[in-house]
Undergrad: 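Please read through the structure below; I'll follow up with questions.
In this text, all values refer to a predicted model and were calculated from it rather than measured experimentally.
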Amino acid sequence: MRMILRFEVDTEAGNELLRSGEMQKGMERMLGMLKPEAAYFFPVNGCRGGFLVFDLADPSQLVTLTEPLWTMLHARIEVTPAMSLDDLTSGLSSLAAS
C-alpha cells in the first residue's frame with residue numbers, strides 16, 4: 001500500500017547530527033530503506049522535515065522503517081495511507097456498483 005511519511009527532525013538533535021556528519025548518513029539510510037517514489041524536504045513547524053511517498057508491502061515493516069527515524073534522526077513522524085487517482089477511481093467505481 002502506498003504510504004506518506006511526514007517527518008520532523010528535532011532541532012537540537014538535528015544540529016548535533018549536522019555537526020557530527022551523521023545527518024547525511026541517517027537520511028541516506030532512511031531513503032535506502034524506504035526507497036520512496038517521491039521525497040520532498042522542507043521546514044515543518046520550524047524544524048527540518050519533509051514528506052516521503054513509499055510502498056508498504058507488509059504493516060510489520062513499519063517497525064524497521066520507523067525505528068531508525070526515531071533513534072538516528074530523533075524525528076517525529078506520521079505515517080498515513082494514500083491513494084493514487086487510479087486507486088480512488090477504482091474505489092468510487094466499486095462504491096457505485098454496490
Undergrad: Can any side-chain N or O of Asn45 pair as donor or acceptor with the backbone N or O of Cys47 at less than 3.5 Å?
TA: no
Undergrad: Let me see the working for Glu37 and Asp55 under side-chain contact (heavy atoms from CB on, under 4.5 Å), right down to the final yes or no.
TA: CA-CA 8 Å; Glu37 66 182 64; Asp55 185 54; 5.8 Å; no
Undergrad: If you compare all heavy atoms of Met3 against all heavy atoms of Pro81, which two are closest, and at what distance to 0.1 Å?
TA: SD-CA, 3.6 Å
Undergrad: Quick check: closest heavy atoms across Leu5 and Leu34, and the distance to 0.1 Å?
TA: CD1-CD1, 4.4 Å
Undergrad: Please assess Val44 against Arg76 for the test side-chain contact (heavy atoms from CB on, under 4.5 Å), listing each intermediate value before the final yes or no.
TA: CA-CA 10 Å; Val44 176; Arg76 288 179 278 296; over 6 Å; no
Undergrad: Do you know the tightest heavy-atom contact between Gly14 and Val9?
TA: CA-CG1, 3.9 Å
Undergrad: Do His74 and Glu16 have side-chain heavy atoms sitting under 4.5 Å apart?
TA: no
Undergrad: Cluster question for you: counting only ILVMFWY and a side-chain heavy-atom cut-off of under 4.5 Å, with indirect links fine, are Phe7 and Trp70 together?
TA: yes
Undergrad: For Phe41, does the CZ atom have more than 12 heavy-atom neighbours from other residues, nucleotides or ligands under 6.0 Å away?
TA: yes
Undergrad: Using 0.5 Å steps for rounding, measure from the CG atom of Leu18 to the CD atom of Gln24.
TA: 10.0 Å
Undergrad: Side chains of Leu56 and Val79: does their closest heavy-atom pair fall under 4.5 Å?
TA: no
Undergrad: Which heavy atom in Leu52 sits nearest to a heavy atom in Ala39, and how many Å separate them?
TA: CD2-CB, 3.4 Å
Undergrad: For Leu73 versus Gly26, what's the shortest heavy-atom pair and its separation?
TA: CD2-CA, 4.0 Å
Undergrad: Any luck finding a side-chain donor-acceptor pair between Asp86 and Ser84 under 3.5 Å?
TA: no
Undergrad: Any side-chain heavy atom of Leu31 within less than 4.5 Å of one from Pro36?
TA: yes
Undergrad: Measure the CD-CE distance between Glu67 and Met72 for me, rounded to the nearest 0.5 Å.
TA: 12.5 Å
Undergrad: Applying the 4.5 Å side-chain criterion to the ILVMFWY set and letting contacts propagate, would Met1 and Ile77 be lumped into a single cluster?
TA: yes
Undergrad: Rounded to the nearest 0.5 Å, what separates atom CG in Leu69 from atom CD in Glu8?
TA: 12.5 Å
Undergrad: Listed by chain and number, what are the side chain to side chain donor-acceptor pair (under 3.5 Å) partners of Glu22, not counting sequence neighbours?
TA: Lys25
Undergrad: Step by step, would you call Arg48 with Met23 a side-chain contact (heavy atoms from CB on, under 4.5 Å)?
TA: CA-CA 11 Å; Arg48 297 169 186 94; Met23 176 70 82; 3.7 Å; yes
Undergrad: Between Met33 and Thr66, is a side-chain contact (heavy atoms from CB on, under 4.5 Å) present by the stated rule, with each step listed?
TA: CA-CA 10 Å; Met33 288 174 39; Thr66 56; over 6 Å; no
Undergrad: Phe51, Met83: one ILVMFWY side-chain cluster at the under-4.5 Å cut-off?
TA: no
Undergrad: Would one find more than 12 heavy atoms of other residues, nucleotides or ligands at under 6.0 Å from atom CD of Glu28?
TA: yes
Undergrad: Just verifying a value: how many Å separate Leu95 CG and Ser90 OG, rounded to the nearest 0.5 Å?
TA: 11.0 Å
